Amino acid sequence: MTLTAKSVARVSLVSTLVLAAAGAALLSASPASGAASTLGAAAQQSGRYFGTAVAANKLSDSTYTGILNREFDMVTAENEMKMDATEPNQGQFSYGNADRIVNQARNQGKRVRGHALAWHSQQPGWMQNMSGTALRNAMLNHVTQVASYYRGKIYAWDVVNEAFADGSSGGRRDSNLQRTGNDWIEAAFRAARAADPGAKLCYNDYNTDNWSHAKTQGVYRMVQDFKSRGVPIDCVGFQAHFNSGNPVPSNYHTTLQNFAALGVDVQITELDIEGSGSTQAQQYQGVTQACLAVARCTGITVWGIRDTDSWRASGTPLLFDGNGNKKAAYTSVLNVLNNGTGTTPPTTTTTTSNPGGGGCTATYSEGEKWNDRFNGLVTVSGTDNWIVTVTVSSPQRIIATWNTSASWESANVMTARPNGSGNTFGFTIMHGGNWNWPSVSCRVA
Ligand code: 9MR
């Protein structure tokens, strides 16, 4: 729906009374204090981590390890812990490359996400041809052996990866593992819990970011079922591989929040967003904000360091360019992490353009947040005779106001004047996935 300035104003009038109550219950929020200069340190300020996928054969590249050691506090082996890497022959385990990554990370004080114990893909040749009880037992033995070997060293395991079908079914993906019986996933989780009781156990998948997609709903129902029956699951990983055909959904926060409400942690596990410049930066910002807005979103991992390290390098989907320079997307993520609230800091402007001298200051503060909207408050000082301009950024729209007389320059720009209710007014913004604070500026009428 496109809202004209007129229809926005109409909605605001209708909603003023209803929202006055919400306005009275506004929470105050103070901006984060210090600013950290690396992704990991910035994420730690809110108790979260910021990780990356690491490839063992790049650990000898000093630019690569320089960025890795400086910026990230969580590591995922991009390929080295997969089934084909760790059990190339049945019953014969191989941990050389995985150990290189785990040891490098732990020596640097970083934690490790294990990826992945059971998956229909990247199976060793011997397993691809198995079925039935033999395959089920081989899978369970693999889970037990690998999780036991790394016991105590893994923060979270992707116990099962990508077991749901794409498309509209909302059901399981067909695979040799699925054909061993629908309970293969819970069997894998129970085996992983027995082998490493200290590791968080995650289900990990892609195309599960949009709340309205059948696949998302299918995974949600499985997690709900596991929680209700006591199957040991602690977290859900959202891979978050985005591009123009699969954009960051505006309901991402809703998805993360709804899963978290089942009693699991949620993590963004393989983030990359194809694109460049400010468009890409804005999308990265939105994903980071969605995580920060959910208490149980415990961390974000990007799927590689430099664009050239990516599994889809031509889409330049990462935070550092091929030379290891920080991209605009890096800065937007760092800023959101530093702010800690999932929003960018307010812009407050004092204008002294009135002929008689003097001026005014408009100060923005956060109000309540909901899945699809949030409230903002502006307090004016310096004059009782103010004109405040509030500018929101797309796709945000202001749908209601209170304690002010509002008019509209455009759908994004509201002009607020006193209406006899004092010098603090409020409004409600439909955020459409963009949690940025509006910019506000004040002039004397
Ligand atoms: O980035 C990984 C790439 O190097 C491998 O060739 C590929 C093999 O399956 O796996 C890529 O990582 C995938 C991850 O393990 C699971 N989710 C999708 C990732 C991108 O394909």
Side-chain angles (χ1 to χ4, degrees), residues 51-59 61 64 68 72 74-88 94 97-98 100-102 105 112-125 127-128 139 142-143 146 150 154-166 172-173 175-178 185 188 192 201-210 213 215-216 218-219 235-246 248 266-275 287 299-320 322:
T52 181
V54 167
N57 63 9
K58 292 184 179 145
L59 289 174
D61 173 337
Y64 183 87
L68 167 62
F72 300 98
M74 184 73 76
V75 158
T76 305
E78 186 172 359
N79 290 298
E80 294 78 352
M81 286 189 177
K82 292 173 182 175
M83 299 177 101
D84 58 350
T86 50
E87 196 178 356
S94 159
N97 285 330
R100 237 159 263 144
I101 292 173
V102 171
V112 177
R113 290 191 87 265
H115 173 80
L117 292 172
W119 190 15
H120 70 275
S121 181
Q122 300 290 114
Q123 291 181 2
M127 185 180 270
Q128 291 171 22
M139 181 275 288
H142 180 87
V143 169
V146 177
Y150 283 111
I154 303 294
Y155 163 69
W157 266 113
D158 291 334
V159 178
V160 170
N161 196 36
E162 300 177 3
F164 276 72
D166 292 310
R172 299 283 182 85
R173 170 197 298 279
S175 72
N176 59 351
L177 290 168
Q178 181 62 30
I185 298 181
L201 305 183
C202 303
Y203 176 78
N204 191 55
D205 214 328
Y206 67 91
N207 281 355
T208 48
D209 310 285
N210 192 319
H213 282 180
K215 188 172 176 181
T216 310
V219 174
C235 38
V236 176
F238 297 82
Q239 294 186 9
H241 295 294
F242 295 115
N243 57 25
S244 54
N246 178 39
V248 180
V266 293
Q267 299 166 356
I268 295 172
T269 52
E270 304 180 14
L271 178 62
D272 52 19
I273 308 176
E274 292 187 328
V287 171
I300 298 174
T301 295
V302 287
W303 205 238
I305 297 178
R306 300 161 301 194
D307 283 336
T308 43
D309 300 318
S310 170
W311 66 295
R312 43 182 191 177
S314 63
T316 61
L318 295 173
L319 299 178
F320 295 86

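In listed order, ligands and their atoms are each counted from 1. Remember, it's a predicted structure, so these values are computed and weren't measured experimentally. Computation of the quantities below employed the complete heavy-atom set of this structure, encompassing side-chain atoms and omitting hydrogens, waters and symmetry-equivalent molecules.
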Using atom types as modelled and distance alone, determine if a side-chain donor or acceptor of Thr208 lies under 3.5 Å from a backbone N or O of Phe238. no

Looking only at protein heavy atoms, what sits closest to atom 12 (O) of ligand 1 is Trp303 NE1, 3.2 Å

CZ on Arg173 to CG on Asp166, rounded to 0.5 Å: 6.0 Å

From atom 4 (O) of ligand 1, work out which of Asn79, Asp309, Asp84, Asp158 has a heavy atom at the shortest distance. Asn79

Interatomic distance, His115 atom NE2 to Cys202 atom SG [nearest 0.5 angstrom]: 11.5 Å

Proximal candidate to atom 10 (O) of ligand 1 [heavy atom criterion; set Lys82, Glu78, Gln122]: Lys82

Within 4.0 Å of some non-hydrogen atom of Glu162, the atoms of ligand 1 are 16 (C), 17 (N), 18 (C)

Using distance alone, determine whether Trp311 and ligand 1 share an N or O pair under 3.5 Å. no

of all protein heavy atoms, closest to atom 17 (N) of ligand 1 is Glu270 OE1, 2.6 Å

Closer than 4.0 Å to some heavy atom of Asn161 - which atoms of ligand 1 meet that? 16 (C)

How many angstroms lie between CG in Asn161 and CG in Asp205, if you round to the nearest 0.5 Å? 7.0 Å

Does a side-chain N-to-carboxylate-O contact under 4.0 Å join Arg306 and Asp61? yes

Donor-acceptor side-chain pairing of His241 and Glu270 below 3.5 angstrom: yes

